[in-house]
Number of protein chains: 2
Amino acid sequence: MQNLLELLKKNKLKATPQRIKILEILFSSGHVTIDDLYEKIKTYLPTLSLATVYSNLNAMIKAGIVKSVKLSNNKVLYECNLNDHIHLVCKKCNSIKDEFIDKKAVLGLIEKDVGVNACDMEINLYYVCPKCSEFE
Amino acid sequence: MQNLLELLKKNKLKATPQRIKILEILFSSGHVTIDDLYEKIKTYLPTLSLATVYSNLNAMIKAGIVKSVKLSNNKVLYECNLNDHIHLVCKKCNSIKDEFIDKKAVLGLIEKDVGVNACDMEINLYYVCPKCSEFE
DNA sequence: CTGACTGCAAACGTTTTGCACGGTA
DNA sequence: TACCGTGCAAAACGTTTGCAGTCAG
């Protein structure tokens with residue numbers, strides 16, 4: 001995918017096959033745990049090491065391409081940092097759904113209370129997903 | 001402190017001195033790391049073990065009395081889950097400031113977009129704290 | 001050609017576990 | 001008294017590090 005290659009170059013990161021594959025998976029999956037990510041990549045790049053995945057994620061987080069989100073169950077998710085979305089987290093099964101909201105309106109409302117200029121905002125809503133509320 | 005004792009009993013947790021002290025510190029400190037917490041408790045309860053602190057925190061998290069927050073530097077903070085506040089996290093030094101907002105208004109704004117009833121909401125604002133912006 | 005990236009193994013700090021003992025309800 | 005909670009040590013877990021070899025620019 002040409003644009004991923006350029007995305008890396010634009011951020012002064014070498015475009016290795018490992019990094020491109022990591023980004024591809026992040027783009028198509030929305031958000032994944034390290035284990036999911038490692039599992040999925042291994043089918044394409046069997047020799048890839050977990051340490052490399054970590055170091056690449058950290059490098060791309062530093063560059064601002066990737067974002068990590070820690071949920072209340074202390075699991076960490078990685079995702080690409082392009083879309084303006086929040087997370088709906090199911091309290092029962094920990095499944096996660098992306099949801100798009102008017103972040104500017106929310107940020108405006110909050111900044112009025114707080115009196116600070118924020119460069120980023122992270123919102124997680126905890127709820128019970130449809131599947132889990134069926135079996136309550 | 002009588003109300004802490006009742007808070008534990010109400011949630012079907014035995015009111016041991018260790019748990020009461022943990023809650024006292026969480027209440028007075030806002031949010032603390034495990035190390036801070038352990039350090040502070042040890043002056044009152046020198047025989048306390050770290051494993052006990054962990055198991056008590058986990059028990060109280062399950063009961064909903066305590067909450068844990070994982071920051072982008074992978075440090076975990078514990079806090080009591082009674083106040084309606086959000087976190088201002090400094091992007092440079094990772095310091096954290098509690099800030100109180102009108103959560104209901106924010107939640108209302110978001111739920112309108114999302115069409116879901118949330119039982120809890122977590123908001124983190126990333127900014128540059130006054131100390132760090134001095135030395136930029 | 002050169003510095004950055006990879007893969008591996010070992011190290012690291014944090015959290016959990018198993019078990020005997022002790023204290024709360 | 002019965003059971004939950006404690007303390008200790010060891011194990012497990014997720015992540016980082018160091019290093020030799022490799023590859024992208």
Side-chain angles (χ1 to χ4, degrees), chain A residues 1-2 4-23 25 32-39 41-63 65-78 94, chain B residues 1-2 4-25 31-39 41-63 65-78 94:
Chain A
M1 218 183 271
Q2 191 58 28
L4 293 182
L5 204 149
E6 275 164 23
L7 180 64
L8 286 167
K9 284 190 180 172
K10 211 187 301 173
N11 288 277
K12 294 172 188 179
L13 294 171
K14 284 194 176 171
T16 64
Q18 290 87 342
R19 287 181 177 168
I20 290 173
K21 205 72 209 170
I22 288 175
L23 283 178
I25 291 173
V32 284
T33 61
I34 274 275
D35 296 332
D36 289 347
L37 183 57
Y38 189 50
E39 204 61 38
I41 294 190
K42 275 223 149 177
T43 56
Y44 302 97
L45 303 164
T47 69
L48 181 98
S49 95
L50 187 54
T52 300
V53 179
Y54 273 108
S55 84
N56 281 339
L57 285 174
N58 288 335
M60 294 193 282
I61 286 172
K62 217 182 234 171
I65 306 175
V66 171
K67 217 172 145 181
S68 74
V69 187
K70 293 91 196 166
L71 301 175
S72 60
N73 60 352
N74 278 342
K75 295 277 172 257
V76 180
L77 297 181
Y78 295 90
N94 287 307
Chain B
M1 219 182 268
Q2 190 59 28
L4 292 182
L5 204 149
E6 275 165 24
L7 181 64
L8 286 168
K9 285 190 180 170
K10 210 186 303 173
N11 287 278
K12 294 175 188 177
L13 295 172
K14 283 194 178 170
T16 64
Q18 290 85 343
R19 286 181 178 167
I20 291 173
K21 206 71 210 171
I22 289 174
L23 283 178
E24 276 181 19
I25 291 173
H31 38 60
V32 284
T33 61
I34 273 276
D35 296 332
D36 289 346
L37 183 56
Y38 190 48
E39 204 62 39
I41 294 190
K42 275 223 151 177
T43 57
Y44 302 97
L45 302 165
T47 69
L48 181 97
S49 93
L50 186 55
T52 300
V53 180
Y54 273 108
S55 83
N56 281 338
L57 285 174
N58 287 336
M60 295 194 280
I61 286 171
K62 220 182 232 171
I65 307 175
V66 171
K67 221 171 143 181
S68 76
V69 188
K70 202 166 187 174
L71 301 175
S72 56
N73 61 352
N74 277 340
K75 296 278 172 257
V76 179
L77 297 181
Y78 294 90
N94 287 306

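Lettering follows sequence order; numbering is per chain, from 1.
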Report task. Would you mind classifying the nucleic acid contact of A:Ala15 as base, sugar-phosphate or nothing, using non-hydrogen atoms under 4.0 angstrom? Result -> sugar-phosphate
Requested in this report: Describe the nucleic acid contact of B:Lys70 in one word from base, sugar-phosphate, nothing, applying a heavy-atom distance below 4.0 Å.
Outcome: nothing
Measure from [atom1] on [X] to [atom2] on [N] and round the result to the nearest Å.
{"X": "B:Leu57", "N": "C:dT16", "atom1": "CG", "atom2": "C1'", "answer": "13 Å"}
{"X": "B:Ile20", "N": "C:dG23", "atom1": "CD1", "atom2": "C1'", "answer": "13 Å"}
{"X": "B:Leu50", "N": "D:dA10", "atom1": "CG", "atom2": "P", "answer": "16 Å"}
{"X": "B:Tyr38", "N": "D:dG7", "atom1": "OH", "atom2": "C1'", "answer": "9 Å"}
{"X": "B:Lys42", "N": "D:dT6", "atom1": "NZ", "atom2": "P", "answer": "15 Å"}
{"X": "B:Lys10", "N": "C:dA25", "atom1": "NZ", "atom2": "C1'", "answer": "19 Å"}
{"X": "B:Asn11", "N": "C:dA25", "atom1": "CG", "atom2": "P", "answer": "14 Å"}

Measure the spacing between [atom1] of [X] and [atom2] of [Y] and express it to the nearest 0.5 Å.
{"X": "B:Leu23", "Y": "B:Leu57", "atom1": "CG", "atom2": "CG", "result": "9.0 Å"}
{"X": "A:Ile34", "Y": "A:Leu77", "atom1": "CD1", "atom2": "CG", "result": "10.5 Å"}
{"X": "B:Met60", "Y": "B:Ser68", "atom1": "CE", "atom2": "OG", "result": "12.0 Å"}

Query - Cationic N near anionic O, under 4.0 Å, B:Glu24 to B:Lys21 - result: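 Salt bridge flag = yes for B:Lys21 with B:Glu24.
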Query raised in the report: Nearest heavy-atom pair of A:Ile20 and A:Leu4: which atoms, and what distance?
Result: O-CD1, 3.9 Å
Query - B/S/- contact track for nucleotides 3-13 of chain C, protein heavy atom under 4.0 Å - result: BSSSBBB----
Requested in this report: Give the intermediate values and the outcome of side chain to side chain contact (heavy atoms under 4.5 Å, CB included) for residues B:Thr16 and B:Leu8.
Outcome: CA-CA 9 Å; B:Thr16 64; B:Leu8 286 168; over 6 Å; no
